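Keep in mind that the numbers below use all heavy atoms, side chains included, and drop hydrogens, waters and symmetry copies. Here the structure is a predicted model, which means the values were calculated and not measured. Every chain is numbered from 1, with letters handed out A, B, ... down the list of sequences.
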Amino acid sequence: MRAVLTVIGKDRIGIIAAISSILAESNVNILDINQTIMQDIFTMVMLTDISKNKESFEVLSKKLEKKGEEIAMKVTLQHEDIFNSMHRI
Amino acid sequence: MITPFEVVETIRMIQEENLDIRTITMGISLRDCCDPDTDKACRKIYEKIVNKAEKLVKTGEAIQKEYGIPIINKRISVTPISIIAECGNTDNYTLFAQTMDKAASVVGVNFIGGFSALVHKGFTKGDRALINSVPEALSTTGRVCSSINIGTTKAGINMDAVKEMGTVIKKCAKLTENQNGIACAKLVVFANAPEDNPFMAGAYHGIGEPETVINVGVSGPGAVKSALQKVKGADLGTVAETIKKTAFKITRMGQLVALEASRRLNVPFGIVDLSLAPTPAVGDSVARILEEMGLEVCGTHGTTAALAVLNDAVKKGGTMASSHVGGLSGSFIPVSEDEGMIYAVNNGFLTLDKLEAMTCVCSVGLDMIVVPGNTSAQTISAIIADEAAIGVVNNKTTAVRIIPAPGKKEGDYVEFGGLLGSSPVMKINSASSSRFIDRGGRIPAPLGSLRN
């Protein structure tokens, strides 16, 4: 299963390091990273493979959200199908 | 890969524009629960609902977490109870409503619909018993919703039932007078009621439906308004096109959730209902969309035309996004549940008459209208008759959910709480309609029904 991880907030040092360390711990593979500044806001979108994830989707999602709070970023993990169904026919 | 822009657009629609799945509603047939012994029938009903809907709430929550889309309500609709209870040994169907209430509470859904009767051409014994039981049933339960279909384009309007419902609504208000007549907020009088509507209070599991079914209602007035903010000043063709595109995206999400819920629960997928359903939250209002289209306040001249554009574009965008569209599918205009509508009524821009005109082009009818407590039963019946006539003649669903708030007069303010919201008491026409309503009988089906 693939999931899209989105990190939104004010740019700072160590965002990718903070997030990717959690992904590595949880055995989640990063397939693609795209980062950009959108309307002055740092936006990072990661496509991840969570099929070998050690914990449940919910636990991983909570861990990432918590890390996001620590570095003052909004982190969201969602099944990729929600974007595919909305933006691709 | 999906572009960051698309990802952010989706997230913004959900987090900032209140885009959500309004309801996953599981329809459950109770046709195998009939029993001459009422206690036995109720036991069968309870067991069936609890058994079938056991995992509904948990599944809804799991989908919400994985896809990151809020699913606000998980609900149940059942076969009209008038049909199930009819062979029983009692004329008081309150026990059936209480059974539904108990089952709903055990499985954790906030509303259960189907305390219903279809009487568009006339009453059976069970229909009469059910209608007589509505006031007690709705005032002694919290989660049960009732709907009565009093007209169809094919059958005309059952004016005896229209007359009866005026009295029933008054009784519902009286029995819940310490809660502003809240029982009336759980009662809908329909013309051309759809069998697969997932939205409350009008949901019931129609007799042409399968054993169980999953129907999903989407929402997202905020997302539509926000999309329109980007085309300020553009012509109405562009406005319609923008609404269509947004409705498409919203509905695709509904379709995804519906299929996923259906797969996980092993229950067939029925329909996605495309309705734009507002909530009392700021930024979740249908009225504000109409204002974004260029009206100073919802309810002024031009409102009906703007609503027609909105309603049509929502359908066109949504139809392609879902494999099966059904239910009410249009735009809801429930006054007490829409922050912009409340503002418009409060400031004298939106009247009952204008709302009636708006129901000619939107999906439902006079929804969550609060009127003075001393409004007569006949006047309420006449309001229902007007709405039913619009539905029956124009081959569309119309409905009335009206609350004669006990002890309240025009201009007072009534608070229901939660999704039901709050509303000023609206002005009604003071001239009597009672001689018209007292005639009773049936209004013949319109010429437009003769299509064979």
**Message:** Using a 4.5 angstrom heavy-atom cutoff, name the option from A:Ile8, A:Leu77, A:Asp81 with the most pairs to chain B.
**Reply:** A:Asp81
**Fill in**
Of the listed A:Gln35, A:Met44, A:Glu58, the one with the largest count of heavy-atom pairs under 4.5 Å with chain B is A:Glu58
Using a 6.0 Å cut-off, check whether atom [atom1] of [X] has over 12 heavy atoms from anything other than its own residue.
| X | atom1 | result |
| --- | --- | --- |
| A:Met1 | CE | yes |
| A:Ile13 | CD1 | no |
| B:Asn266 | CG | no |
| B:Lys232 | NZ | yes |
| B:Lys55 | NZ | no |

Contact origin within [X] toward chain B - heavy atom pairs under 4.5 Å:
| X | value |
| --- | --- |
| A:Leu31 | neither |
| A:Phe57 | side chain |
| A:Ser85 | both |

Testing the basics here: between [X] and [Y], what is the closest heavy-atom pair and its distance to 0.1 Å?
| X | Y | result |
| --- | --- | --- |
| B:Gln15 | A:Thr76 | NE2-OG1, 3.6 Å |
| B:Pro4 | A:Asn34 | CG-CG, 3.4 Å |
| B:Thr10 | A:His87 | OG1-NE2, 2.7 Å |
| A:Gln78 | B:Tyr67 | NE2-O, 3.1 Å |

**Prompt:** Do the non-hydrogen side-chain atoms of A:Met86 and B:Ile2 ever get within less than 4.5 Å of each other?
**Reply:** no
Side chain, backbone, both or neither: which part of [X] has a heavy atom under 4.5 Å from chain A?
| X | value |
| --- | --- |
| B:Val7 | both |
| B:Leu259 | neither |
| B:Glu9 | side chain |

**Message:** Just verifying a value: how many Å separate B:Leu256 CG and A:Phe83 CZ, rounded to the nearest 0.5 Å?
**Reply:** 11.0 Å
**Prompt:** What distance do B:Glu66 atom CD and A:Ile82 atom CD1 have between them, rounded to the nearest 0.5 Å?
**Reply:** 11.5 Å
